[in-house]
Amino acid sequence: MVFVIILLACCVVVVLLIMKTKNRHYWKKRGIVQVNSNAWHFMLGKCSLSEIYKHIYDSHPTQDCVGTFVGYKPVLILKNLEDIQVVLQSDFQSFYGRGYKTNPKDTLANNLLLIDDYARWRLLRQKISPVFTATKLKNMFSILERCASDFAEFIKLNPHAKENVFEALHTYTSASISASVFGINAESSNTMTNPILDFGWSSTESVNVFNIKFAMTNIFPKLFNFLNLKTFGEHNDFVVGILKKVLNNRRCSKEKRYDFIDTCLDLLNQEIMHDPLTGFELKVTDEVLAAQAFSFFMAGVDTSANVINFALLELSNNPVILNRLHNEIDTIFENCSEKITYKDIQKMEYLEMVINESMRKYPPIGLMQRMCMKDTVLPSRNIKIEKNTFVVIPIYGIQRDEKYFPKPEEFDPERFSTENVSKIVKLSYIPFGEGNRICIGTRFAHLQIKTALAWLLRRYTIKGYNYTSKCFEPNFFGLRDSKARYDLIARA
Ligand code: HEM
Ligand SMILES: *[C@@H]1O[C@H](CO)[C@@H](O)[C@H](O)[C@H]1NC(C)=O
Ligand SMILES: *[C@@H]1O[C@H](CO)[C@@H](O)[C@H](O)[C@H]1NC(C)=O
Ligand SMILES: *[C@@H]1O[C@H](CO)[C@@H](O)[C@H](O)[C@H]1NC(C)=O
Ligand SMILES: *[C@@H]1O[C@H](CO)[C@@H](O)[C@H](O)[C@H]1NC(C)=O
């Protein structure tokens, strides 16, 4: 076994070197500034890929784009917001794919987040996005709110949670998605106990495994399929099984909740989904729906937990901001006798400014990747992009560019005050992406994060340890710092 692994590793290195030599001048030949891969730092686990791209971004202040490589594959890092607009929006036809190869036999990978087949993606996106309309969110609010207050209680009852806030945040975000979107345990006395939680959307392990797999599918798609590796294969039975159970329970109870499960039942009744524009048809099965449910967890658990974590971290080191936020939250809680409604949450404007500023300084998704699906041209310098080239939108680099956000390292929620927010340059603030593949959970995530912070700060205050992050965890897209320390202290 060891021998096979060593042999495989050698082959990989040889292939990399050969391909790299072949592509050595790929960007130079096209008149584009080229930086030879520093992805090794990432591979060696020293920092996140977003930080490497930010470093390249910052080192080329006058360029519109910089060419580099991931493994041997040419990647173009975009800096010009006009080009970014074209990639995300106006030339979507050339850039609809993300280029993460998945094994066709892996049912769960056939999800919104990962599919690159245009017609299939379009159909599923149309059918699934109604789950997150404003009306549906209002319906979900009471459950979401209960999750948040249960969470504050959970921290009180579990000394372990106070020591491991990040892990506890994962518990909260997955519990609140499963209760509000799937109706799992929504009735129970404590939403923080829940079968999906045992599954381990664990804060470290699964993320790292996903990470390695994503890196591999990116660099060696053929090898990945040849070895018949499945990105999520081992989770398949569990996730499909849970969804089937929930669907059946709902069928029997005939209760209407207008959540994801109700949407699923409607779709299953239609049997075939159809997109009149493309003519594409898809048979609705439990498996297809389970894959979409799975994408909510993949996309929504770690991201939201990170936003709350970084917000708490910044608050712990900014007593003036923390104090003002406590005041806003206390006033609203007292006025409604501790029973906050959807409207009350909307009134927490300063809280929203704090959250948006956290996502500016620490975008939980620090980069977006697109694969060029047909030859095209980017407008800023008429750059030709060939089919199958990767382009990267370095969110983290952009959102810390002083051109758009003066003193970018400073945590300043005033950037999002009513006077200031309209001055933010379009597309310089894109924590949820932009265009046709913008996050479908944006509003849900905002509500989930706001409610959690409101309840937490009603019950606790935070003491910090003068945090300065040197680098984030080695991660393909994400910015994470699960070891960041701050103390939650119960309020009188
Ligand atoms: C703060 C929390 C979140 C952040 C920062 C975030 C960020 C993003 C970003 C940047 C993208 C686009 C990536 C790209 O264009 O390549 C995305 C896509 C997506 N997000 Fe989120 N997300 C969050 C929470 C959620 C939640 C809670 C859900 C679901 C419940 C969700 C579901 C999705 C899905 C399904 C997609 C793929 C959409 C498509 O390709 O059509 N996200 N998210
Ligand atoms: C206090 O509550 C009342 C209704 O209960 C509402 O009309 C008023 O706007 C609230 N004030 C604040 C500051 O939330
Ligand atoms: C935001 O507006 C305030 C005035 O309301 C101003 O003092 C401050 O400098 C502005 N901050 C930013 C980051 O634009
Ligand atoms: C915060 O960001 C969200 C979406 O990212 C936006 O809808 C909202 O208007 C922003 N709020 C403020 C106060 O900037
Ligand atoms: C935090 O660290 C910075 C830089 O290391 C230092 O200047 C500052 O005095 C420290 N603040 C506290 C409260 O320890």
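First listed ligand is number 1; within each ligand, the first listed atom is number 1. Throughout, residue positions are numbered sequentially from 1 according to the sequence presented.
Using modelled atom types, no side-chain atom of Arg98 and backbone atom of Asp116 make a donor-acceptor pair closer than 3.5 Å. No donor-acceptor pair closer than 3.5 Å links the side chain of Glu434 to the backbone N or O of Leu88. Panel note: side chain Glu357, backbone Arg415; no donor-acceptor pair is recorded below 3.5 Å.
Residue-ligand proximity, Gly433 to ligand 1, at heavy-atom distances under 4.0 Å covers atoms 10 (C). Close approach of ligand 1 to Leu112 (heavy-atom distance below 4.0 Å) involves ligand atoms 39 (C), 40 (O). Those atoms of ligand 1 that come under 4.0 Å of a heavy atom in Val307, given as number and element, are 1 (C). Each of the atoms 5 (C), 7 (C), 10 (C) of ligand 1 lies under 4.0 Å from some heavy atom of Pro431.
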Check against ring pair (Phe, Tyr, Trp, His ring centres under 6.0 Å), Phe477 and Tyr100: CA-CA 12 Å; Phe477 337 82; Tyr100 299 114; 5.6 Å; yes

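When only non-hydrogen protein atoms are considered, atom 37 (C) of ligand 1 lies nearest to Leu113 CD1, 3.4 Å. Protein heavy atom at the shortest distance from atom 27 (C) of ligand 1 is Gly300 CA, 3.5 Å. Protein heavy atom nearest atom 28 (C) of ligand 1, with residue, atom name and distance: Gly441 CA, 3.7 Å. For atom 39 (C) of ligand 1, the nearest non-hydrogen atom of the protein is Arg125 NH1, 3.4 Å. Closest protein heavy atom to atom 6 (C) of ligand 1: Phe432 CD2, 3.6 Å.
In this structure, the ring of Phe310 has its center no less than 6.0 angstrom from the ring center of Phe411. Taking the six-membered ring where the residue is Trp, the centroids of Phe416 and Tyr429 are separated by under 6.0 Å.
Of the heavy atoms in Phe444, only side-chain atoms (C-beta onward) come closer than 4.0 Å to ligand 1.
By the 3.5 Å distance cut-off applied to N or O atoms, Arg437 is counted among the residues near ligand 1. Considering backbone and side-chain atoms together, Trp121 places an N or O closer than 3.5 Å to an N or O of ligand 1. Note: an N/O pair closer than 3.5 Å links Arg98 and ligand 1 by distance alone. Between Ser304 and ligand 1, a contact under 3.5 Å exists for no N or O pair.
A cation-pi contact, defined as under 6.0 Å to the ring centre and within 45° of the axis, links Arg360 to Phe405. A cation-pi contact links Arg324 to Tyr350, judged by a cut-off of 6.0 Å to the six-membered ring centre and 45° from its axis. Seen from the ring of Tyr57, Lys79 counts as a face-on cation partner, given the 6.0 Å and 45° thresholds.
In this structure the side chain of Tyr362 reaches within 4.5 angstrom of the side chain of Glu314, judged on heavy atoms. A 4.5 Å side-chain heavy-atom check between Leu243 and Ile261 finds at least one atom pair inside the cut-off. The closest side-chain heavy-atom distance from Tyr172 to Trp455 is not below 4.5 Å.
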What does the contact table look like for ligand 4 (nitrogen or oxygen on each side, cut-off under 3.5 Å)?
unit_1   : atom_1 : unit_2 : atom_2 : d
ligand 4 : 2 (O)  : Asn356 : OD1    : 3.2
ligand 4 : 2 (O)  : Asn356 : ND2    : 2.5
ligand 4 : 11 (N) : Glu352 : OE2    : 2.8
ligand 4 : 11 (N) : Asn356 : ND2    : 2.9
ligand 4 : 14 (O) : Asn356 : ND2    : 3.1

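Comparing Pro364, Ser358, Cys439, Ala299 against atom 21 (Fe) of ligand 1, the shortest heavy-atom distance belongs to Cys439. The nearest non-hydrogen atom to atom 2 (C) of ligand 1, considering only Leu124, Thr303, Asn306, comes from Thr303.
When all heavy atoms of Ser180 and Leu144 are compared, the pair lying nearest together is OG-CD1, 3.6 Å.
Between the side chains of Asn139 and Tyr342, no donor-acceptor pair of N or O atoms lies under 3.5 Å.
Heavy-atom separations between Arg370 and ligand 1 include at least one value shorter than 4.0 Å.
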